[in-house]
Amino acid sequence: MKIAISTGGGDAPGLNAVIRAAVLAALLRGWEVWGIREGFDGLLFPERYEGEGLVPLTRERVRGITHVGGTIIGTTNRGNPMKYPTRQADGTVVEVDRTDELVTALRTNGFDALISIGGDGSLTIANHLAKKGVRVIGVPKTIDNDLEGTVITFGFDTAVSFATECVDRLHSTAAAHRRVMVVEVMGRYAGWIALNTGISGTVDAILIPEIPYDLQKVAEKILERERSGRHFSIVIVAEGAKPKGGEISVVSKEAGRAERLGGVGEKIAAELQELTGKETRVVVLGHLLRGGTPTTFDRLIALRFGAAAIRALADGHSGIMVALDPPTVRTVPLEDATRRMKSVPLDCDSMMTARELGISFGD
Ligand code: F6P
């Protein structure tokens with residue numbers, strides 16, 4: 001078998017661990033593995049890489065990469081091949097489906113199967129390719145943890161662990177200055193990172209996309225703390241959170257890629273300062289959540305996913321995603337995993353725990 005591996009979308013700690021496990025498990029079976037550079041670009045546009053859009057993934061190439069962040073083959077979250085931005089003669093840009101070219105390129109390069117490591121965007125492309133007859137196995141990656149079909153995606157634990165460490169550090173400076181600190185975290189349209197970080201970092205309010213917020217409620221919580229002698233507060237906000245009856249904060253929108261979110265933390269900090277009369281500062285953790293070495297948990301599931309992807313191919317699967325269903329790794333149809341986004345269920349145990357700890361959701 002000749003297998004292609006692609007890492008697509010935003011990077012997440014653990015990508016290299018998946019690559020290493022998949023390569024070693026494939027080599028053990030006498031199979032050959034190649035990495036496609038930067039999503040599918042290495043295959044679609046080899047000229048951009050001076051003919052080296054495909055990287056041979058040998059034992060030597062994957063040595064010592066388990067703990068390394070990023071991805072050795074690169075990634076991209078622009079130029080989705082299902083909606084490739086293409087300039088027309090009249091100057092307008094329209095989104096064109098170029099997946100047929102991708103199928104042809106996989107065949108001309110002699111690939112028997114594709115392992116696509118990605119989030120909802122990349123796995124939707126993978127599902128589309130599977131329907132066009134490509135043998136595809138998906139591996140769930142995203143710090144956002146917003147993929148259906150798997151209990152958790154790799155990258156999420158590292159993001160939450162780092163965000164929690166940051167919140168821990170903010171407690172002392174917030175207390176020293178009697179300030180309100182607003183911490184904005186990534187997560188796109190799901191509140192998983194904010195929720196888990198907020199609970200473990202013992203913040204006072206968590207604002208998530210699933211619950212449009214009323215800042216008056218958050219201000220009341222801060223002032224109630226003030227009256228009980230707690231002169232500082234920490235509010236964590238997911239980048240996709242929005243006010244009741246208001247809009248999500250979008251930085252930019254471009255053809256062929258998902259809209260960029262951000263800026264909600266600044267808005268909230270300004271309003272809370274106004275409402276509470278307390279000095280307020282904002283910290284945006286942003287891409288810091290995607291960098292660095294994966295936690296032990298993420299390394300383990302990433303390695304297990306990589307090996308499981310090869311096992312799935314050996315077992316004759318296609319059009320599936322490997323998924324964590326503790327204690328095992330199982331397979332789920334890509335169709336099911338990509339049908340809808342996994343939001344935080346409002347009645348889940350973590351939500352109940354947060355409320356029982358007295359954390360406000362601004363509702
Ligand atoms: O999906 C992962 C993610 O980090 C989101 O949390 C965030 O909205 C987005 O990617 C940021 O993407 P970019 O790398 O384009 O800034």
Side-chain angles (χ1 to χ4, degrees), residues 6-16 18 38-41 69-71 73-80 83 85 116-126 138-150 152-164 166 183-198 206-210 236-242 247-268 282-292 294-295 298 302 321 337-338 340-344:
S6 153
T7 53
D11 68 325
L15 280 168
N16 285 326
V18 178
E38 298 175 4
F40 293 111
D41 285 0
T71 157
I73 51 178
T75 187
T76 179
N77 55 11
R78 2 173 37 120
N80 177 345
K83 296 176 183 173
S116 174
I117 316 172
D120 57 340
S122 312
L123 296 182
T124 300
I125 300 166
V139 177
K141 161 243 66 165
T142 166
I143 64 161
D144 305 337
N145 194 37
D146 59 355
L147 264 176
E148 278 292 353
T150 183
I152 212 160
T153 52
F154 73 84
F156 175 65
D157 184 66
T158 308
V160 171
S161 302
F162 180 72
T164 301
C166 294
V183 187
E184 181 184 311
V185 291
M186 283 187 170
R188 226 182 266 284
Y189 310 110
W192 295 105
I193 298 179
L195 176 66
N196 283 24
T197 304
I206 302 174
L207 305 179
I208 56 175
E210 291 82 350
I236 189 158
V237 55
E239 62 179 0
K242 59 177 180 200
E247 291 305 317
I248 203 165
S249 296
V250 176
V251 176
S252 61
K253 229 174 174 155
E254 254 180 62
R257 68 188 306 185
E259 59 186 7
R260 271 184 68 209
L261 307 182
V264 67
E266 281 288 355
K267 292 182 193 164
I268 286 178
V282 60
V283 179
V284 180
L285 295 181
H287 295 84
L288 288 169
L289 302 185
R290 295 219 311 239
T295 57
D298 275 340
M321 177 184 88
T338 53
R340 62 190 175 107
M341 186 191 83
K342 184 174 74 184
S343 310
V344 174

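We count ligands from 1, going down the list as the structure has it; atoms in each ligand are counted the same way. Just so we're clear, the structure is a prediction, and the values are computed from it rather than from any experiment.
Trp192 is not listed as a side-chain neighbour of Ile152, based on a closest heavy-atom distance of 4.5 Å or more. The shortest distance between side-chain heavy atoms of Glu239 and Met186 falls below 4.5 Å. A heavy-atom distance below 4.5 Å is not found between the side chains of Ile193 and Asn145. Looking at heavy atoms from C-beta onward, Leu15 lies out of side-chain contact with Pro294 at the 4.5 angstrom threshold. For the pair Pro13 and Thr295, the minimum side-chain heavy-atom distance is 4.5 Å or more. Side-chain contact between Tyr189 and Ile248 is present, with at least one heavy-atom pair separated by less than 4.5 Å.
Protein residues lining ligand 1, listed by chain and number: Asn77, Ile143, Asp144, Met186, Gly187, Arg188, Glu239, Arg257, His287, Arg290 [non-hydrogen atoms, distance under 4.0 Å].
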